[in-house]
Number of protein chains: 2
Amino acid sequence: MSTADGQLRPSHRRTAVLEALKGCPRIVSAQELHMRMVAEGTRIGLSTVYRALRDAEETGRVDVVQAGTGEKRYRWRRGGEHRHYLVCRVCAASRPVGAEAVEAWVASVVSESGFAAVEHTVELAGVCARCQRAAD
Amino acid sequence: MSTADGQLRPSHRRTAVLEALKGCPRIVSAQELHMRMVAEGTRIGLSTVYRALRDAEETGRVDVVQAGTGEKRYRWRRGGEHRHYLVCRVCAASRPVGAEAVEAWVASVVSESGFAAVEHTVELAGVCARCQRAAD
DNA sequence: AGGTGGACTGATAATCATGTTCAATAACGA
DNA sequence: TCGTTATTGAACATGATTATCAGTCCACCT
Ligand SMILES: [Mn+2]
Ligand SMILES: [Mn+2]
Ligand SMILES: [Zn+2]
Ligand SMILES: [Zn+2]
């Protein structure tokens, strides 16, 4: 669970999950990351992977993209700021895109709306050049 | 299923689902819409509501917003073009927001990316003024 | 070093939204 | 009207995620 102040203790396993995520070339789901770790010889339970990713999401250390299929996919966030990504629907390759224009638009919409605590989701999904070629 | 040309037959039930959706003041999930219809006296199965909404989504007659909780919420689309919405997390009230700036940004990102068949998701969720007041 | 209490782990079971099956039903066209 | 065919919906299946809880580990104190 969590300590008195709500923080999670950085354990061996939890650290391993985030390290594994850092090493992922494409965005991954919790289950994919778990399989990956097991395949590499790490002994870890699926529950722990889910917990570590949920915590990392809540504390803003990862970016999340909600695929149309309802599963969440994660990507390690390098700078402090969140990013938005263009993701390949076929191979899950992802590249960050510059979203200054969107951030500015969000800010202006929010300031005119009267809404508070507004969060935004911006996702782009398509088929990358390589996968287009592979499709003949 | 579907007719030879892939079109769904517009049946009584299916029409009723879309009519009910049109009458919704806030974005609704499939289950909420089903409960609403049953409460109003319509006799209809949950499967049919799911099917009608899925079909409406595929044919572009509704806008869909994927809540963080993994459930899809629907809103009837009036004009031909899709819209993006600012949704209240508390009461599910939704208002369309002008997103010309975002559409232009998406177009420019896509043209520079080499990706094909790119689809975009833009969602804003917050707490509306009324619900802020209600929270004291 | 040894003890202790609270946090962590993971196998298992529970949820939850949504999809699928299939026998019964309703709608179309001749 | 009759026969063909799509539609319907109750029950069941799925797939991702979360909750349980007994066992384990670890930080800290003596
Ligand atoms: Mn952003
Ligand atoms: Mn748009
Ligand atoms: Zn690809
Ligand atoms: Zn509200």
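In what follows, chains are A, B, ... by sequence order, proteins preceding strands, each numbered from 1. These numbers were taken from a predicted model, which means no experiment stands behind them. Hydrogens, waters and symmetry mates are skipped; everything else that's a heavy atom, side chains included, is used.
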Between C1' on C:dG10 and NE2 on A:His34, what's the gap in Å once rounded to a whole number?
9 Å

For a quick test of your reading: what N or O donor-acceptor pairs under 3.5 Å do the side chains of residues 110-118 of chain A make, sequence neighbours left out?
| residue | atom | partner | partner atom | Å |
| --- | --- | --- | --- | --- |
| A:Ser111 | OG | A:Ser108 | O | 2.9 |
| A:Ser113 | OG | A:Val110 | O | 2.8 |
| A:Ser113 | OG | A:Phe115 | N | 3.0 |

Output, in order, the C-alpha distance, side-chain angles, deciding distance and verdict of side chain to side chain contact (heavy atoms under 4.5 Å, CB included) for A:Tyr85 and A:Arg75.
CA-CA 10 Å; A:Tyr85 302 92; A:Arg75 173 156 170 160; 3.2 Å; yes

Residues which pass side chain to side chain contact (heavy atoms under 4.5 Å, CB included) with B:Val90, listed by chain and number, not counting sequence neighbours:
B:Cys88, B:Val127, B:Cys131

Length of the line joining A:Asp55:CG and D:dT17:C1', which is rounded to integer Å
16 Å

Qualifying salt bridge (charged side-chain N to carboxylate O under 4.0 Å, His left out) pairs with a residue from residues 56-67 of chain A, counting only residues at least two apart or across chains
A:Asp55-A:Arg61, A:Glu57-A:Lys72, A:Asp63-A:Arg77

5' to 3', nucleotides 14-20 of chain C under a 4.0 Å protein heavy-atom cut-off (B base, S sugar-phosphate only, - none) gives ---SBSB

Qualifying salt bridge (charged side-chain N to carboxylate O under 4.0 Å, His left out) pairs with a residue from residues 27-44 of chain A, counting only residues at least two apart or across chains:
A:Glu32-A:Arg73

Phosphate oxygens OP1/OP2 of C:dG10: is one of them under 4.0 Å from a side-chain N or O of A:Arg13?
yes

Side chain to side chain contact (heavy atoms under 4.5 Å, CB included) involving A:Tyr50 - partner list, sequence neighbours excluded:
A:Ala30, A:Gln31, A:Leu46

Holding to ring-ring contact (aromatic ring centres under 6.0 Å, His included), I want the full list of residues that pass it with B:His82, two or more places apart in sequence or in another chain.
B:His84, B:His120

Taking atom C1' of D:dA16 as reference, at what distance in whole Å does atom CG of A:Leu33 sit?
15 Å

Donor-acceptor pairs are to be reported for all side-chain atoms of residues 16-27 of chain B against protein atoms at under 3.5 Å, with residues two or more places apart or in another chain.
| residue | atom | partner | partner atom | Å |
| --- | --- | --- | --- | --- |
| B:Glu19 | OE2 | B:Lys22 | NZ | 3.1 |
| B:Arg26 | NH1 | B:Cys91 | O | 2.7 |

Nearest-Å distance, CD (A:Gln66) to P (D:dG15)?
18 Å

To the nearest angstrom, how far is A:His12 atom NE2 from D:dC26 atom P?
9 Å

A:Glu71 to A:Ser29 - nearest heavy-atom pair and separation
OE1-CB, 4.4 Å

Tell me whether the OP1 or OP2 atom of D:dT8 has a side-chain N or O from B:Arg14 closer than 4.0 Å.
yes

Report for the helix from C:dA1-D:dT30 to C:dA30-D:dT1: angle between first-end and last-end helix axes, five pairs each, rounded to 10 degrees.
30°

Counting only side-chain nitrogens and oxygens, does A:Ser11 get under 4.0 Å of the OP1 or OP2 atom of C:dC8?
no

